[in-house]
Amino acid sequence: MTVMIRFLLNNDIGDCGACTVVLVSPSDTPSGLPLQYAGANSCILLVGALHGKQLITVEHLGTPTRLHPVQQALVEHHASQCGFCTPGFVMSLFTLFHQEFAAQETYSQPDLRHALIEQYLGGNLCRCTGYRPIIAAAEMLLDIRLNQEVQDVFDERAAATARTLLNCQQKQNAEVTTSVHVPTSIVEALSLWKLNPTAQIIAGGTDLGLAVTQQLQTWPAIIHISNVRELKTVQHEPDRLVVGAGVTITELLDIMTLDFPDAAPMLLRFGSEQVRSQATVGGNLGTASPIGDLPPLLLALNASIELIALPEGSSAPQTRIVALADYFTGYRETQRDSDEWIYAVHIPVLAPADTLRVYKISKRMDDDISSVCAAIWAQTIEKGGIRYIQNIRLAFGGMAALPMRANHTETVLQGSELTTTVIAKAAQALHQDFQPIDDARATASYRLQVAGNLLHRFQIELTEPDVLTDITVVDSCMESTL
Ligand SMILES: Cc1cc2nc3c(=O)[nH]c(=O)nc-3n(C[C@H](O)[C@H](O)[C@H](O)COP(=O)(O)OP(=O)(O)OC[C@H]3O[C@@H](n4cnc5c(N)ncnc54)[C@H](O)[C@@H]3O)c2cc1C
């Protein structure tokens with residue numbers, strides 16, 4: 001049985017946001033918020049994702065005589081035209097209204113505010129292109145939150161909701177149905193899989209939701225692993241960060257912003273807020289897609305992947321660790337055995353002098369799959385006014401049938417001066433590493449050209465730091481001069 005939570009007729013691929021709903025769960029994040037609000041695309045949301053969560057739809061917000069502050073702000077700014085997208089915008093702004101209210105500092109700085117609004121609205125497509133009044137409504141909402149003038153019914157009921165959700169989780173676990181399972185521990189999950197070997201494993205469902213809506217796939221049983229607590233853990237060890245497979249991209253973004261700040265801009269362009277809040281690290285590696293955004297980043301960081309299985313006749317799971325560089329073996333093929341799951345990713349910490357850059361090239365800035373994704377980790381040193389590369393790892397997505405390192409190109413750069421001439425040679429070596437394909441996202445020659453250009457960008461950023469290379473920065477400079 002596969003149940004989709006659809007509220008509107010739309011394209012069912014999760015990238016217009018018109019059907020956005022909000023899932024509320026009790027929070028144990030460091031933010032200390034009693035509840036966590038996450039927008040999600042209902043058109044690709046599978047029913048197991050609702051387990052132990054409160055579902056809020058646009059119908060719950062206000063009444064015609066008593067609008068919710070989000071609705072009121074949109075009305076005051078005339079921010080609805082044909083109306084098709086409006087429910088989705090309401091729900092994304094509702095998420096912003098609730099989720100970010102602790103971030104007062106962010107609200108008071110205009111460029112951070114603008115970036116935050118873009119982050120929350122990036123997954124909502126307005127077909128009339130009337131974004132300006134919607135952004136004005138968002139600004140008004142942030143002012144309201146900043147001044148703490150307004151509470152809504154959801155604030156008033158927050159504590160009771162948190163209690164209900166926690167109790168409901170315990171109660172419902174005892175009543176799992178035969179076709180949709182939502183285990184909470186790894187042993188329970190792996191044991192269920194032993195009993196249901198044909199069951200589909202679903203984490204965030206942002207890939208598999210499309211398998212249902214686009215390929216009309218059905219499964220005899222589903223095991224939702226998004227509530228498995230061991231998969232949600234993050235451990236900060238002295239030499240590495242261990243991130244559970246069930247950590248969402250939104251959560252990863254929080255972690256990376258602290259420990260790997262140079263990865264954050266790319267992660268902010270992973271899908272949309274609605275996608276990031278559901279999509280998981282394990283799901284991104286589980287699909288083993290050549291255009292997934294995490295593999296290049298993790299390859300450049302020399303990460304390893306921890307796999308887990310329950311051996312026959314045992315109740316104690318066993319794990320093994322594989323270097324990510326060896327993990328991908330072909331187009332959507334990996335070293336993972338058929339009885340194994342992804343348990344965690346081990347990411348070596350950066351030394352203070354390490355450089356990390358991650359570049360995502362896609363047709364649209366927001367909510368789009370990469371044509372090329374490049375991640376570069378390097379150790380460089382300056383001698384006599386010249387910067388030398390001591391060590392480098394270059395990893396690319398979108399350039400081959402699998403995400404992979406550019407070994408020939410790395411050899412050219414290793415130990416070399418970081419100059420335009422060397423970079424031009426390295427860009428040529430990319431032709432030895434990759435023979436990309438032409439497809440709807442980009443042609444082979446574009447991919448090779450842009451990959452070489454990204455090497456140039458890396459060189460400029462390290463040797464001429466005053467040169468502006470980031471289009472989003474240029475964009476916000478222009479906005480502030482308008
Ligand atoms: C609108 C939209 C935009 C998107 N944008 C991006 C983007 O910008 N960048 C990008 O990289 N991707 C993007 N995606 C794809 C998708 O969001 C990611 O691949 C995501 O990380 C998948 O995670 P999930 O938890 O939703 O996976 P699921 O759909 O739940 O699962 C995907 C696969 O992984 C397997 N799996 C899940 N967890 C495990 C585990 N622990 N062990 C073993 N197997 C497992 C599942 O069985 C399934 O085969 C986008 C998708 C949509 C719909």
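If you read the sequence from its start, that first residue is 1, and numbering goes on from there. Every number for a ligand or one of its atoms is a count from 1 in the order of the listing. Here the structure is a predicted model, which is why all the values come from computation and not from measurement.
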With hydrogens left out, which residues have an atom under 4.0 Å from ligand 1, given that only heavy atoms count?
Ile13, Gly14, Asp15, Ile44, Gln200, Ile201, Ile202, Ala203, Gly204, Gly205, Thr206, Asp207, Leu208, Leu210, Ile225, Ala245, Arg269, Phe270, Gly271, Val275, Ala279, Thr280, Gly282, Gly283, Asn284, Gly286, Thr287, Gly292, Asp293, Arg336, Trp341, Ile342, Lys360, Asp367, Asp368, Ile369
Test: salt bridge (Lys or Arg N to Asp or Glu O under 4.0 Å). Region: residues 441-450. Which pairs qualify, not counting sequence neighbours?
Asp439-Arg447
Does Phe97 have its ring centroid less than 6.0 Å away from the ring centroid of His68?
yes
Given the side-chain rings of Tyr37 and Phe154, with only the six-membered ring counted for Trp, is the space between their centroids under 6.0 Å?
no
SB check Glu340 Arg320 (cutoff 4.0 Å)
yes
Restricting to side chain to side chain contact (heavy atoms under 4.5 Å, CB included), what partner residues turn up for Asp254, sequence neighbours left out?
none
Contact list for residues 271-293, test ring pair (Phe, Tyr, Trp, His ring centres under 6.0 Å), sequence neighbours left out:
none
